[in-house]
Colleague: 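What follows is a structure written as structure tokens; I'll ask about it next.
Chain letters run A, B, ... following the sequence lines, proteins first, then strands; residues in each count from 1.
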Amino acid sequence: MKFQAPKGVSEYFPDRSIAFETVRRELIRPAKLAGYKLLELPIFEDTELFTRGVGESTDVVSKEMYTFEDRGGRSITLRPEGTAGVMRAVIEHGLDRGQLPVKVWYSGPYFRAERPQAGRYRQFYQVGIEAIGLDDPAIDAEVIAIASAGYRNLGLRKFRLDITSLGDAASRAAHRIDLVTFIAKLDLDEATRERVKLNPLRIFDDKRDPIIAMLRNAPLLIDYLTKESAAHFVKVKEYLDALGIAYTINPRMVRGLDYYTGTAFEFVHELLGAQSGIGGGGRYDGLMESLGGKNLSGIGFGLGIDRTLLACEAEAIDLTKTSRPDLYVIPLGENAKNFAIKFIDDLRNGGAIVDCAYGDRALKGAMKGADKSGAKYALVIGGSELASGIGELKNMETGVASSVTLSAINSALLK
RNA sequence: GUGGGCGUAGCUCAGCUGGUAGAGCACCCGGUUGUGGUCCGGGAUGUCGCGGGUUCGAGCCCCGUCGCUCACCCCA
């Protein structure tokens, strides 16, 4: 029996794991700069939180959840997305009692039992933020700007931002009547008809050309916005313009989760395959109340770490440089090793990245190790260095070595 | 859940009309005393995904099975 990882999970190991770590850090950074605070939540929750929060009509709930019964007979589900859990925590612990909005960020694994393919995994990673309790369009723009900054920090260029407004309940009710009437006249197959019954908007998600053609003159939700919703959307666009963030209005955009209202957005990368959405989010003004909390509005996003990493790779962005050692130490003999252990520890405590050729390797092999580690400098410590206190610090890039007093080597010198 | 492609050394792959496995990269050792990258020499490595069948003989053919992968669906 040879063990394998479960189907469809993503795993990261060197050197790709270094890039993964960088992606996560850079996507989080703009949120921290904007005052969002970490929320660390469980990866499993009461199943009903998701069926009510995400929506029964979604594929996520109807066929993609990892659900099981725990030993107490409770129905538990591995979280398929982050927002519902945040709402639960905010309501349960009264985080919304202080100043609004509540601004939080979070990151971790999510689970959906889908058939895997490029950029789609059963366990995948996201960075998310939520701003709860403020319906000012400026916060919509802030959330979008934070996501956009994360991608730009990484050096990504070949992506676009799609935005639309799904309006408030009144907007959607008016549109739904006309859309259902329109769809009823179309010649659709059984499966599509069934799918659309629960949420007619999903018809716009169809990728088949004949269907897309049929929808050319379909009524668009964005044309049914109430005065308030329309005004809100106008302000969001103005703020994005002021921020210099380019966007495309996409009135046919469909979000996968039912709780979205008003502003909705998606970041789409040009070089990825079928799974090209690297992040998305929107407003969810009725969610909190529907989960038993106060009637507070909210907006947030989820950014896919796995897909963002794929996007960086597609754009040939190297994210592995940061973790290469500053110094690679090669001790020769037991006395040198005794000295090196403390010498290295001091440098590390000073903030330098230091690796060492332990294991009494031959000098030549150890030098190869230094080379492969990508270290900036190599330092051999043997009998003569111990006796004189002076070593040859070799710059691995230029090949030039210079005499340095060992006691003078510190992290600043190596950086 | 549906469909296509693919499963041979750690990685990428070759293996002609069936005759009991190869390359490159990576790895280890060496090229006369303590300094890497290039070059040269040497070395280790596989139940050819798994099970069954056909055959004197199967990595190659047939059946099944598992897995990976890409796409549909859907989405991060």
Colleague: Once each nucleotide of nucleotides 29-39 of chain B is scored for protein heavy atoms under 4.0 Å, what B/S/- sequence comes out, 5' to 3'?
Modeller: --B--BBBB--
Colleague: Rounded to whole Å, how long is the line connecting atom CG of A:D59 with atom P of B:A76?
Modeller: 11 Å
Colleague: Should the pair A:R79 and A:Y110 be classed as cation-pi, given the thresholds of under 6.0 Å to the six-membered ring centre and 45° from the axis?
Modeller: yes
Colleague: Applying the side-chain contact (heavy atoms from CB on, under 4.5 Å) criterion to A:I317, which one of A:T22, A:L154, A:L156 satisfies it?
Modeller: A:L156
Colleague: Rounded to whole angstrom, note down the P distance from B:G22 over to B:G15.
Modeller: 15 Å
Colleague: For RNA chain B, list all stems, counting runs of three or more consecutive pairs where every pair is Watson-Crick or G-U wobble with both distances under 3.5 Å.
Modeller: B:1-7 with B:66-72, B:10-13 with B:22-25, B:27-31 with B:39-43, B:49-53 with B:61-65
Colleague: Taking any heavy-atom pair under 4.0 Å as a contact, classify A:Y110: base, sugar-phosphate, or nothing.
Modeller: nothing
Colleague: For A:R307, which residues count as a side chain to side chain donor-acceptor pair (under 3.5 Å) partner, sequence neighbours excluded?
Modeller: A:Q275
Colleague: Show me the donor-acceptor pairs, under 3.5 Å and distance only, between side chains in residues 397-405 of chain A and residues at least two apart or in other chains.
Modeller:
| unit_1 | atom_1 | unit_2 | atom_2 | d |
| --- | --- | --- | --- | --- |
| A:T398 | OG1 | A:V400 | N | 3.2 |
| A:S403 | OG | A:E392 | OE2 | 2.7 |

Colleague: Between A:Y125 and B:A76, do the rings stack, that is, sit under 5.5 Å apart with planes less than 30° off each other?
Modeller: no
Colleague: Test for a donor-acceptor pair under 3.5 Å between the base of B:C70 and the side chain of A:R120, counting only N and O atoms.
Modeller: no
Colleague: B:C75 P sits how many Å from A:Y259 OH, rounded?
Modeller: 12 Å
Colleague: Nearest heavy atom decides the nucleotide; on that basis, is A:A274 or A:G302 closer to the 5' end of RNA chain B?
Modeller: A:A274
Colleague: Could you measure between the two P atoms, the one in B:C60 and the one in B:C48, and give it in whole Å?
Modeller: 10 Å
Colleague: How close or far is atom P of B:C75 from atom CG of A:L272, stated in whole angstroms?
Modeller: 17 Å
Colleague: Looking only at N and O atoms, is any donor in the side chain of A:E114 or the base of B:A76 less than 3.5 Å from an acceptor on the other one?
Modeller: yes
Colleague: At 4.0 Å (heavy atoms only), tell me whether A:A370 reaches a base, stays on the sugar-phosphate, or touches nothing.
Modeller: nothing
Colleague: On a heavy-atom basis, which atom in A:L363 and which in A:I330 lie closest, and how many Å separate them?
Modeller: CD1-CG2, 3.9 Å
Colleague: Side chains of A:D178 and A:Y224: is there a donor and an acceptor less than 3.5 Å apart?
Modeller: yes
Colleague: Rounded to whole angstrom units, what separation is found between the CD atom of A:E130 and the C1' atom of B:A76?
Modeller: 14 Å
Colleague: Nucleotides 2-5 of chain B: which of its N/O atoms have a protein N/O under 3.5 Å away?
Modeller:
| unit_1 | atom_1 | unit_2 | atom_2 | d |
| --- | --- | --- | --- | --- |
| B:U2 | O4 | A:R115 | NH1 | 2.8 |

Colleague: Output a table of donor-acceptor pairs, distance under 3.5 Å, between side-chain atoms of residues 374-387 of chain A and any protein atom two or more places apart or on a different chain; print 'none' if there are none.
Modeller:
| unit_1 | atom_1 | unit_2 | atom_2 | d |
| --- | --- | --- | --- | --- |
| A:K376 | NZ | A:D326 | OD1 | 2.9 |
| A:E385 | OE1 | A:G382 | N | 2.9 |

Colleague: Is the base of B:C75 touched by the side chain of A:Q117 through a donor-acceptor pair closer than 3.5 angstrom?
Modeller: no
Colleague: Return the value, rounded to whole Å, for the distance between atom OH of A:Y66 and atom C1' of B:C75.
Modeller: 15 Å
Colleague: Touch check for A:E64, heavy atoms < 4.0 angstrom, all strands: base, sugar-phosphate only, or nothing?
Modeller: sugar-phosphate
Colleague: Whole Å only: how far is the OH atom of A:Y151 from the C1' atom of B:A76?
Modeller: 8 Å
